[in-house]
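Written below as structure tokens is the structure these notes are about.
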Amino acid sequence: MYDVVVVGAGPAGSMAAKTAAENGLDVLMVEKRQEIGVPVRCAEGVSKAELAEFVEIDKKWIAAEVIGAKIYSPDGSEVILSEEQAGNEVGYILERKIFDRYLARLAAKAGADVIVKTSAVDLIRKDDIVKVKLRKMGEEWEVESKIVIGADGVESRIGKLAGIDTTLKLSEIESCVQYLMNNIDFDPNYTYFWIGNEIAPGGYIWLFPKGENAANVGIGVMPAKAKRKPKEYLDNFIKQKFEDGKIVEIVAGGVPVKGEIKTAVADNVMLAGDAAHHADPITGGGIINAMKAGKYAGIVAAQAIESKNYSAEFLRRYDMLWKNDFGQKLRRNKILQEKILKMDDKTLNKLARSLAGKNLGEMSVRSIVIALIKANPRLLWDIKDLFY
Amino acid sequence: MAKNGKKVVIDRYKCAYCGACIAVCKFNANELIETFVVIDEEKCNVCMACVKTCPMGALAVVEE
């Protein structure tokens, strides 16, 4: 009998397994893929300061560092967010293939058992505990556990098996394609974003540097708004901007942009990361929230084991923790997203032009929106209270 | 289920096994096994959510 079975070995799962194991629990982490960390489904950008709160930074999994962001509206108006001086990097672009394995190793080092090429296919609650049915290479068996942490990604089944409906609507997901490109020209100190209803309906195109003349160039579109597949929009964009670029990797993915969910717990079960729709509805970023949530889930698992209480009621402590930390931001950015989704390209151009030539400093959604509200009070009056 | 003789098929040459189709299926009619998406035709209601979501255009509806 395990204390905790963690399903999924991404950043949320590994942080949960690591934290639970460090608290003395018997932990099993299962990963359905045969290799942890691949295939990647991510643009790999992360805030430097926030990441440093969790792990000692190791250059082995840092592909690039950036000092800011450049955002382009449909007519090409540029908005820059960056620290005043170069050498003051605020963001990392990770090498997720290596980073995810590193985190999984931390979990293993802390004492968690890890098995790969293994799916969790069913949960059966019995008395106070859960039987988790596992399947590896065609063979099925059961393990017993007091708690299950579902960190099984955007396609999470653990939530549904436990009675939490995590199905995303077509307006609650970004459909994404990304190329790792070589032989392209850009300023490697910046991440780039292109917005507009023509180029990326309901989403945006990004460029995240990954070293000399190499970058993740990707797109997210909202299926409820897009008329074509993200790949077509991205190919069009690349033909115009980076015609000579070489594509050395293709990545696809779905990013939950639903915003804060009511609860990420059920009896014996907690969900973390994309499985709990913890990704940000505006940026689509999810790594830090996933790591935070994983850590909180590990902490609450330890408390639950100590109190011998695995009920949803007890596990609500976990909801409290993640909601107090980043739930408000998910709510706020969902409202902002809905506001932006209604804007036509003319409005987006007007907003971008109102900030053109200014450096907004801090690279955050809040700093952009506050500058936008100052320059366009009437247009954004209804959301101002969310940002002050 | 009523499907009017239609079903969802997957083009494995296009699929990038990202799991987006699983995330939008309210019938739990699909599963991503490592890199292999399987569709359970019994459960599938041909609602098109997965077809519209697939980033790669790997899913399509065909007449049976």
Side-chain angles (χ1 to χ4, degrees), chain A residues 31-35 38-42 116-119 121 135 137-138 152-157 159-161 165-178 218-234 249-256 258 274-275 277, chain B:
Chain A
E31 167 57 49
K32 77 175 163 201
R33 297 158 169 178
Q34 61 186 6
E35 294 176 63
V38 289
V40 174
R41 292 174 180 167
C42 180
V116 296
K117 211 171 169 69
T118 302
S119 303
V121 291
R135 184 180 60 207
M137 294 161 73
D152 49 339
V154 71
E155 74 267 41
S156 175
R157 272 293 143 79
K160 289 181 181 179
L161 290 168
D165 182 12
T166 54
T167 304
L168 292 164
K169 297 195 180 81
L170 298 185
S171 58
E172 296 171 345
I173 188 168
E174 293 288 325
S175 175
C176 306
V177 173
Q178 172 180 279
I219 186 170
V221 301
M222 183 175 279
K225 286 200 86 181
K227 292 186 188 72
R228 288 171 283 141
K229 292 293 170 190
K231 187 177 176 302
E232 294 175 53
Y233 291 100
L234 182 62
E249 185 179 59
I250 299 178
V251 168
V255 177
K258 186 188 168 80
D274 277 357
H277 305 158
Chain B
M1 277 191 181
K3 308 166 205 188
N4 302 323
K6 290 178 177 159
K7 67 173 180 178
V8 175
V9 291
I10 177 164
D11 182 340
R12 302 214 177 271
Y13 295 102
K14 288 185 182 170
C15 175
Y17 30 86
C18 70
C21 55
I22 320 291
V24 295
C25 182
K26 61 181 166 190
F27 304 104
N28 290 335
N30 49 14
E31 187 189 354
L32 176 61
I33 303 165
E34 277 209 42
T35 56
F36 194 85
V37 171
V38 288
I39 298 167
D40 183 337
E41 287 179 23
E42 289 297 308
K43 289 186 187 168
C44 176
N45 202 25
V46 198
C47 74
M48 299 287 287
C50 61
V51 176
K52 288 176 188 160
T53 300
C54 176
M56 304 298 285
L59 295 166
V61 173
V62 297
E63 304 278 335
E64 264 184 302

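So you know, we letter chains A, B, ... as the sequences are listed, proteins then strands, and number each from 1.
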* Which answer fits B:Cys54, side chain, backbone, both or neither, if we ask what part of it has an atom under 4.5 Å from a heavy atom of chain A? -> both
* **Heavy-atom contact with chain B under 4.5 Å, split by part of A:Pro39** => side chain
* Asked: What part of A:Gln34 is in contact with chain B, defined as an atom under 4.5 angstrom from a non-hydrogen atom: side chain, backbone, both or neither?
  -> both
* Structure fact -> Closest non-hydrogen contact found for A:Cys176 with B:Pro55 is O-CB, 3.3 Å
* In Å and rounded to the nearest 0.5 Å, what is the CE to NZ distance from A:Met222 to B:Lys52? -> 14.5 Å
* Taking atom CG of A:Leu161 and atom CG of B:Asn28, what is their separation to the nearest 0.5 Å? -> 7.5 Å
* **Options A:Ala224, A:Gly220, A:Ala252, ranked by heavy-atom pairs under 4.5 Å with chain B, top entry** => A:Ala252
* Roughly how far, to the nearest 0.5 Å, is SG of B:Cys18 from CD1 of A:Ile250? -> 12.5 Å
* To do: Please indicate whether A:Lys225 has more than 12 foreign heavy atoms, meaning atoms of other residues, nucleotides or ligands, lying under 6.0 Å from its NZ.
  => yes
* Structure fact -> If you tally heavy-atom pairs under 4.5 Å between each of A:Arg41, A:Lys231, A:Arg33, A:Glu31 and chain B, the highest tally belongs to A:Arg41
* For the residue pair B:Ala23 and A:Ile173, what are the closest heavy atoms and their distance? -> CB-CD1, 4.1 Å
* **B:Glu31/A:Arg135 salt bridge by N-O under 4.0 Å criterion** => yes
* Asked: Do you know the tightest heavy-atom contact between A:Ser175 and B:Thr53?
  -> OG-O, 2.6 Å
* **Polar side-chain atom of B:Lys26 near backbone of A:Leu168 as donor-acceptor pair, under 3.5 Å** => no
* Asked: Do you know which two heavy atoms are closest between B:Met56 and A:Val177, and how far apart they sit?
  -> SD-CG2, 3.9 Å
* Nearest atoms (heavy-atom pairs only) where B:Ile22 meets A:Glu155 -> CB-CB, 3.4 Å
* For residues B:Ala20 and A:Gly253, report the shortest heavy-atom separation together with the two atoms involved. => CB-C, 4.4 Å
* Asked: What part of A:Lys32 is in contact with chain B, defined as an atom under 4.5 angstrom from a non-hydrogen atom: side chain, backbone, both or neither?
  -> both
* **Side chain, backbone, both or neither of A:Val251 within contact of chain B (heavy atoms, under 4.5 Å)** => neither
